[in-house]
Amino acid sequence: MNLPDFPNIDLFAAGINALNGVLVAHNPSHNRDYTFVGLLIMAFFGGIGGGVSRDMLLNDIPAPIVDPKYLLVCFLMGLLGLAIYHYANSREEQFRTRTLAFFKSFSLPWFAILGAHKALDHDLGFFSAIIVGVIATTAGGVLIDLFSGVTPEIVRPSEFLVVTAILASGLYVGIALIGKGMFSFFPATVISALGAFLFRVFAVRGHWPQIVPSVALAKGPNSAPVAAPAATVGARK
């Protein structure tokens with residue numbers, strides 16, 4: 001399959017993820033009384049965090065430095081995200097939760113596909129391309145989580161972020177390597193994005209189980225403290 005340049009799709013992915021970044025940062029689980037500028041910074045983290053990480057891994061100059069349109073798109077989509085959240089905030093909690101879940105599911109596959117695409121463009125193999133796709137997908141969200149003092153979603157159950165990223169990049173790389181000459185760039189992208197999107201929607205809505213240890217050694221900083229063992233008779237003072 002011919003691997004064309006994709007500035008428009010890359011810009012689209014940056015905009016969608018910037019929008020999602022604002023919605024996540026404004027969510028009660030992440031909101032730390034961010035200022036207007038602070039929320040826009042989260043939009044930039046979400047919009048270009050994954051792309052910059054991808055380009056640095058591939059030893060390229062990050063696209064936002066080369067083309068300022070990325071910064072403009074993230075800024076405008078950040079403003080749109082604030083407007084959407086303001087509208088959603090006037091609705092019931094279920095509406096806000098579904099809105100955030102939809103945008104997150106929709107935005108996830110794009111950076112995975114683009115990361116895998118660029119990795120193939122640098123003559124990397126199947127597994128390396130998937131790894132680059134996963135990192136490109138999750139890096140921006142990890143930055144938002146860490147700045148918000150929240151355990152990154154990629155290690156929490158019921159989110160299926162990593163699995164969705166692996167599915168999107170794996171589908172795209174598989175089509176690109178196995179179906180050479182059979183598929184063009186556009187249908188390969190649509191198949192990969194739609195497949196990963198539908199997977200996460202059904203997985204999250206259906207509460208599909210994930211492998212979690214039955215006995216956890218710790219539940220995190222917000223859990224109740226574990227009681228100290230009782231002192232034994234004759235213990236040293």
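The neighbour count for Tyr34 OH, taken as heavy atoms of other residues, nucleotides or ligands under 6.0 Å away, is above 12. Atom CD1 of Ile178 is surrounded by 12 or fewer heavy atoms from other residues, nucleotides or ligands within 6.0 Å.
Listed here is the closest heavy atom pair of Gly170 and Ile130: CA-CD1, 3.8 Å. Summarising the geometry of Leu167 relative to Gly195, their closest heavy-atom pair is CD2-O, 4.0 Å, with the distance given to 0.1 Å. Smallest separation of non-hydrogen atoms from Cys74 and Ala43: O-CB, 4.1 Å. For the residue pair Thr164 and Ala196, the shortest heavy atom distance occurs at CG2-O, 3.6 Å. Smallest separation of non-hydrogen atoms from Ala165 and Ala112: O-CB, 3.7 Å. Nearest heavy-atom pair, Arg32 versus Gly149, reported as atom, atom and distance to 0.1 Å: NH2-O, 4.1 Å.
For the atom pair CG (Asn17) and OG1 (Thr137), the distance works out to 8.0 Å, reported to the nearest 0.5 Å. The CG atom of Leu76 sits 11.5 Å away from the CG atom of Leu19 when rounded to the nearest 0.5 Å. Taking CD1 of Ile175 as the start and CD1 of Ile191 as the end, the distance is 4.5 Å to the nearest 0.5 Å. Between the CD1 atom of Ile84 and the CG atom of Leu79 there is a distance of 11.5 Å, given to the nearest 0.5 Å. With rounding to the nearest 0.5 Å, the separation of CZ in Phe147 from CD1 in Ile41 is 8.0 Å. Note that OG of Ser169 is 10.0 Å distant from CG of Leu120, once rounded to the nearest 0.5 Å.
Hydrophobic clustering, with ILVMFWY side chains joined whenever heavy atoms are under 4.5 angstrom apart, groups Val52 together with Leu143. A single hydrophobic cluster is not seen to contain both Leu72 and Ile65; linkage of ILVMFWY side chains at heavy-atom distances under 4.5 Å, directly or through other members, places them apart. With hydrophobic clusters built from ILVMFWY side chains whose heavy atoms lie under 4.5 angstrom apart, Leu40 shares a cluster with Ile144. In the hydrophobic clustering of this structure, Leu124 does not group with Ile166; members are Ile, Leu, Val, Met, Phe, Trp, Tyr whose side-chain heavy atoms approach within less than 4.5 Å, directly or through other members. In the hydrophobic cluster analysis, where Ile, Leu, Val, Met, Phe, Trp and Tyr join through side-chain heavy atoms closer than 4.5 angstrom, Leu114 is grouped together with Val73.
The closest side-chain heavy-atom distance from Asp60 to His122 is below 4.5 Å. Between Leu171 and Ile113, every side-chain heavy-atom pair lies at or beyond the 4.5 Å cut-off.
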Quick one, Leu108 with Phe197, criterion side-chain contact (heavy atoms from CB on, under 4.5 Å). Give me CA distance, side-chain angles, the key distance, then yes/no. CA-CA 8 Å; Leu108 270 176; Phe197 169 74; over 6 Å; no
Please report the C-alpha distance between Thr151 and Arg156 in whole Å, then the side-chain angles of each, then the deciding distance to 0.1 Å, and finally whether the side-chain contact (heavy atoms from CB on, under 4.5 Å) criterion is met. CA-CA 8 Å; Thr151 302; Arg156 301 209 308 261; 4.2 Å; yes
Start with the C-alpha gap between Glu153 and Asp145, add the side-chain angles, then the distance that decides, and say whether side-chain contact (heavy atoms from CB on, under 4.5 Å) holds. CA-CA 7 Å; Glu153 288 182 319; Asp145 290 337; 3.9 Å; yes
What do the steps show when you test Phe106 against Asn20 for side-chain contact (heavy atoms from CB on, under 4.5 Å), and what is the final call? CA-CA 9 Å; Phe106 182 73; Asn20 181 65; over 6 Å; no
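Between Asp10 and Arg54, at least one side-chain nitrogen of the basic residue sits less than 4.0 Å from a carboxylate oxygen of the acidic one, meeting the salt-bridge criterion.
Between Phe12 and Trp110, the angle of the ring planes goes over 60°, which puts this pair in the perpendicular group of the 30/60° scheme.
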